[in-house]
Amino acid sequence: MAVLSRCSRAVTAATTPNAAAAKFSYLIRALSPFSSSSSSTFDADNGLNSRIKTAVLGTLKREPKDRNVQWVFLGCPGVGKGTYASRLSDLLGIPHIATGDLVRDELASSGPLSSQLKEIVNQGKLVSDEIIIDLLSKRLEAGEAKGESGFILDGFPRTVRQAEILEGVTDIDLVINLKLREEALLAKCLGRRICSECGGNYNVACIDIKAENGKPGMYMAPLPPPPQCASKLITRADDTEEVVKQRLRIYQAMTLPVEDFYRSRGKLLEFDLPGGVRESWPKLLHALNLEDEEDKQSAAA
Ligand SMILES: Nc1ncnc2c1ncn2[C@@H]1O[C@H](COP(=O)(O)OP(=O)(O)O)[C@@H](O)[C@H]1O
């Protein structure tokens, strides 16, 4: 509860542009040394690396009152991190930064990393920490230039090492751990569709799990595209059954320990999705103490 009230304060706190900009430059500078292409610089046990971390730590531990929230979404592939993170981003006016999107943008750019990334992503494996932190640092830098403050991270951190690096350079206020019944995850991934023109995310899967052995049933309606997107839908190349199963295995092995990392620091908010967006969104807002924000937005619309 203490974490939540701290977050609510942070949500409503006015952000001084200068303080926010300073905060971001610290974060970018702090992340940048780890984005070096030299693997020895990145070695967690390397003396130079620890020195950089220690130097950065001294300047970064600041109170969150002068900035927007810094939240992280955790959860298995298909759980809906992107959907809820993007809704919260719209509601709070805080950037939604999805490392999966950064990877896909890089893939589409046919830059030097493109073919290397394609092979990794299409096998359902994780991209190296070096590459992902490099992409994230560049995204934060671009945001800083536009005066962005705070973030809702989706898909990062995905390894304990990434979590340690992030924790070493800034304070994460809250980690929202979305949970969905395992039976629904694969179907949700296979039903995902993206509009090739506007980038909107939709889902054609209709999940209808019957009550069984004392376990309640669950219904999740499809999330259909609006008519203007219907003929432009594409499926992600890594949303095939084989690759999704591999991503779910990797989540268990590499990302589940990240949940423990934040749980032990008292930052993890567990949220069991009760169903589809219509049913889950109001409950998530309630859990985050944000119902008033939505009321204000509806009143202003
Ligand atoms: N933090 C990260 N660390 C390593 N690889 C990542 C990270 N974020 C994204 N990726 C790569 O991008 C792919 C797509 O990510 P994402 O869109 O978040 O997928 P998911 O639907 O599995 O949550 C991942 O399978 C992985 O290859």
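Both counts, for ligands and for their atoms, begin at 1 and track the order of listing. In what follows, every heavy atom counts, from backbone to side chain, and hydrogens, waters and symmetry copies are set aside.
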*Can you tell me how far CG of D238 sits from CD of Q246, rounded to the nearest 0.5 angstrom?*
11.5 Å
*To the nearest 0.5 angstrom, please state how far the CG atom of L233 sits from the OG atom of S231.*
7.5 Å
Is there a polar contact between ligand 1 and [X], counting only N or O atoms under 3.5 Å apart?
X    : value
R236 : yes
G155 : yes
G124 : no
R192 : yes

*Counting heavy atoms only, which of R158, R247, K81 is nearest atom 16 (P) of ligand 1?*
R158
_Which option wins on minimum heavy-atom distance to atom 27 (O) of ligand 1: Q246, K125, R161, Q123?_
K125
Under a 4.0 angstrom heavy-atom cut-off, which atoms of ligand 1 come close to [X]?
X    : answer
Q162 : 1 (N), 2 (C), 3 (N), 4 (C)
L126 : 4 (C), 5 (N)
R104 : 14 (C), 17 (O)

*Only counting residues at least two apart or in another chain, list the ones meeting side chain to side chain contact (heavy atoms under 4.5 Å, CB included) with D101.*
A98, R104
*asked:* Below a 4.0 angstrom heavy-atom separation, can you tell me which part of I132, side chain or backbone, both or neither, approaches ligand 1?
replied: side chain
Contact summary for [X] and [Y], nearest pair of heavy atoms:
X    : Y    : result
C195 : Y202 : CB-CE1, 4.0 Å
V258 : T159 : CG2-C, 3.4 Å
Y251 : E259 : OH-OE2, 3.1 Å
K81  : C76  : NZ-O, 3.4 Å

*From CA spacing to verdict: side-chain hydrogen bond (donor to acceptor under 3.5 Å, both in side chains), Q70, T170*: CA-CA 9 Å; Q70 298 186 163; T170 195; 3.0 Å; yes
*Nearest to atom 11 (C) of ligand 1, what protein heavy atom do you find, and at what distance?*
V127 CG2, 3.9 Å
*For atom 8 (N) of ligand 1, what is the nearest protein heavy atom, given as residue, atom name and distance?*
T99 OG1, 2.9 Å
